[in-house]
Amino acid sequence: MATFLHGIGQFAFRRRWLVVLLWALVLGVIGVGAASGSGPTSSSVTLPGTEAQRAYDLLGEKFPAANADGATARIVVRAPDGEKVGSAENKAAVEATLADVKGSSSRVAQVTDPFAARTVSADGTTAYAQVTYTAKEADLTDGDHTGLEKAMESGRDEGLTVEASGNALAPPTESFMAEVIGFALAAVILLITFGSLAAAGLPLLTALVGVGVSVAAITALAGPLDLSSNVTALATMLGIAVGIDYALFIVSRYRSERADGYDAREAAARANGTAGSAVVFAGLTVVIALVGLLVVNLPILTAMGLAAAGAVVVAVLVATTLIPALLGFAGERVRGKPRTRTAAATTAGTTGTTGTTGRARVGLAQRWISYVLRKPVKVLLLSVVALGAIALPTSKLELGLPDDGSKATSSTQRQAYDMLSQSFGPGFNGPLTVTVDDQDPAVARTSATGLGKSLAGLPDVTAVTPAAFNQAGDTAIITVIPRSTPGSEATKGLVEDIRSLTADLKSDTGARSLVTGTTALNIDVSAKFSAAIVPYLALVVGLAVLVLILVFRSIHVPLKAALGFLLSVLAALGALVAVFQWGWLKDLIGLEQTGPIMSLMPILMVGVVFGLAMDYQVFLVSRMREAYVHGADARTAIESGFKHSSTVVTAAALIMIAVFAGFVGSHDAMLKSLGFGLAVAVAFDAFVVRMTIVPAALALLGKRAWSLPRWIDRILPNVDIEGEKLAKHPPAPAPTDREPSFVGTDATH
């Protein structure tokens, strides 16, 4: 691998104009495809194989009118304090408002009359009307959205409180502030790390190219594949983070090779052969984790995983081809300002900077690794206990799907949600739909009637609508309004009770009965993820361990890496529960509403964090193994590898944290929680697991850490990630009065 990438690095450096033009051509071609595409469209979640999804599909087949693809809205109106919505004046205002809604767009198909449909609350203060459109959500124009907003405003001018919910409302304005904040912080970190504008700019430039290619490809495919905006957001988030990090490692190694005396072309090639090999295998572990999301068999998760994996692949390709080419253009500017080497600074084992007296000043990294190696048992126990304590809230994790109740209190959707809960009952926003079908219409009718009576007798039911049959008479819909809120345990218990009744109905009459609705969907999602998490972890961790065995030629190192990942991800989930579910420190991140964690969050976070955790494992430990392979003893190898890579791994982790933390300011609840979860997970994994627990565990294992049974060693191919073959070629004569100007680092290489 090292030899292969060394050749690619030489070619890219020598033919740098060709490489740059090829990437510009790729970006241009895909960009044209994106410009002609329709962009992200889907906002729905489907759950193949679940009861809730089967019921939804049945409704689409038997009640096509009730499940039309057109966008919908629910207009909620409330009379002024102390008045009734049905009074002559207020009724006229409501009718005028709804007439304005009807005339707001030629795409409005129907607006119901709340007084005729009896959708007025029992206290007479609130009413709602259903609005249906002939066009799909994605096909509505800005004019349609503006017309609806103006119609609502006309009702407010008449003294009514008018709010709305539904997918016909204008989507939140897309903001790129998260990406801008993350990118700006990454630039600052790179500049501090390298002390050179040219060196700091290369990772930023290549990350932009990689993300541009990835996002353009997703945009071009969004229409045909019906992709959601969350797919693009995750790919962007990961593309920026790994794109910067992968380039960072290659540029850092290039500066090291130049400091060791190699000319620019050979240094670029060797950096590509060594650090580039680590990039390839680190990227491979991320791709394995993301592609492994397919085992969940949830379309939206599959799309997000494949898109993010594609972004990572592009980042690896850009880093190993475009970076060597750009190094050829950058010249000596990448190396920063020259420094004068002193005897003290170049003494073996010294890793600090030199003071005015000539005595070496020991750096932070040197002091930390020395402390860890002196007291590995104490460090290991304290780190494990600390992460375990943070992980404790994970036992109280509650899962759910976001609804209007989880939106910001200032949004019209949330205010409409609250008005309906107050006036029609807390369960009104989470109705359950029960279907009954049989080939014999007589059996279907009898079964639906009997089931309706049984449903009305359940303790947590407020109302049960009469069964509504389709034209063929073989399928009925019964709507059940729970007494409790949609996400409450009581409502979940009600779903279980209803499904017990439907099972009895099947055995008694042979008619099939299914339950769907938001709460039923939540229960099915949780069950699906619970069933998928073990096989997913087994697949992803198993494949990644095999890859790491190939990379490190060790059994202990990969197993330790997997166990460390479990600690960091559990601690991250614990922090997620404490903040987003319990509300601890929620004001610091601008969280307005606490509640259950979105159902797909844990497994998505596990996939992403596992890949990133293996990134740091490969980058950090590969330098330790490189020193061991080149003759250092086990303890010296740990110290040497840590000193050479700790600063750049720290910078890489800080960049990841900055990029992910930027999404905490997103209006989207899922992106906010995902950004927070990934940021804290990277912090735990990079600084506690990889830079504390890993060296402590390796110190305790000694040379056994690098051992491999002979029969395994014989069958494994030698990928040479350490560049052992490259080490046989000494540097050509070159000036050595420069060294990598890592500002604040303690590495002199």
Side-chain angles (χ1 to χ4, degrees), residues 43-44 59 63 65-79 85-86 90 93-105 107-122 124-137 140 144-156 160-172 401-433 462-463 465 477 479-482 485-486 516-519 521:
S43 60
S44 60
L59 292 175
F63 291 87
N67 283 272
D69 291 333
T72 62
R74 176 183 284 173
I75 308 297
V76 185
V77 294
R78 174 171 288 174
V85 76
N90 290 329
V94 170
E95 291 174 344
T97 301
L98 297 180
D100 289 342
V101 171
K102 176 66 175 175
S104 65
S105 169
R107 301 168 185 263
V108 175
Q110 182 183 22
V111 180
T112 63
D113 181 353
F115 304 104
R118 297 182 180 179
T119 54
V120 180
S121 62
T125 62
T126 308
Y128 67 89
Q130 290 293 139
V131 184
T132 56
Y133 286 74
T134 58
K136 295 182 180 180
E137 170 191 357
L140 294 183
D144 296 324
H145 299 314
T146 302
L148 180 59
E149 291 169 1
K150 287 182 177 178
M152 293 166 56
E153 195 61 40
S154 68
R156 294 172 184 144
L160 299 172
T161 300
V162 185
E163 305 296 344
S165 62
N167 58 11
L169 272 67
L401 291 178
D403 57 15
D404 288 342
S406 62
K407 294 185 181 297
T409 54
S410 58
S411 67
T412 186
Q413 294 94 331
R414 172 61 185 277
Q415 293 178 33
Y417 181 97
D418 291 341
M419 288 166 62
L420 291 171
S421 295
Q422 295 162 7
S423 299
F424 293 89
F428 185 83
N429 286 296
L432 301 171
T433 301
T462 295
T465 64
I477 298 176
T479 301
V480 179
I481 306 298
T485 57
T516 189
T518 303
T519 302
L521 196 65

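The backbone N or O of R107 lies less than 3.5 Å from a partner atom in the side chain of T134, making a donor-acceptor pair. Here the side chain of Q413 pairs no donor or acceptor atom with the backbone of G166 at under 3.5 angstrom.
With a 4.5 Å cut-off on side-chain heavy atoms, T125 and V85 do not count as touching. Here the side chains of S104 and D100 are not in contact, with every heavy-atom distance at 4.5 Å or above. Between N167 and T72, some side-chain heavy-atom pair lies under the 4.5 Å cut-off. A 4.5 Å side-chain heavy-atom check between H145 and K150 finds every atom pair outside the cut-off. The shortest side-chain heavy-atom distance between Y128 and I75 does not fall under the 4.5 Å cut-off. Proximity of D418 to E163: side-chain heavy atoms (C-beta onward) are nowhere separated by under 4.5 Å.
In summary, the side chains of Q130 and T112 do not present any donor paired with an acceptor at a separation below 3.5 Å, with no hydrogens or angles considered.
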Using distance only, find each side-chain donor-acceptor pair of residues 419-430 under 3.5 Å and give its atom names and separation, not counting sequence neighbours.
unit_1: S421; atom_1: OG; unit_2: Y417; atom_2: O; d: 3.1
unit_1: S421; atom_1: OG; unit_2: N429; atom_2: ND2; d: 2.7
unit_1: Q422; atom_1: OE1; unit_2: R78; atom_2: NH1; d: 3.2
unit_1: Q422; atom_1: OE1; unit_2: R78; atom_2: NH2; d: 3.4
unit_1: S423; atom_1: OG; unit_2: R78; atom_2: NH2; d: 2.9
unit_1: S423; atom_1: OG; unit_2: T126; atom_2: OG1; d: 2.8
unit_1: S423; atom_1: OG; unit_2: M419; atom_2: O; d: 3.3
unit_1: N429; atom_1: ND2; unit_2: Y417; atom_2: O; d: 3.0

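The pair D404-R414 does not count as a salt bridge, with every side-chain nitrogen at least 4.0 angstrom from each carboxylate oxygen.
Tested against M152, the residues L160, T97, T412 include a single side-chain contact (heavy atoms from CB on, under 4.5 Å) partner, T412. Applying the side-chain contact (heavy atoms from CB on, under 4.5 Å) test between P114 and each of V76, L98, V77 identifies L98 as the sole match.
Summarising the geometry of A164 relative to L169, their closest heavy-atom pair is O-CD2, 3.6 Å, with the distance given to 0.1 Å. Across all non-hydrogen atoms, the minimal contact from D144 to L140 is OD2-CA, 3.5 Å. Minimum interatomic distance between A73 and L148 (heavy atoms only, all atoms of both residues): CB-CD2, 4.5 Å.
Atom CG of L59 and atom OG1 of T516 lie 7.0 Å apart (nearest 0.5 Å).
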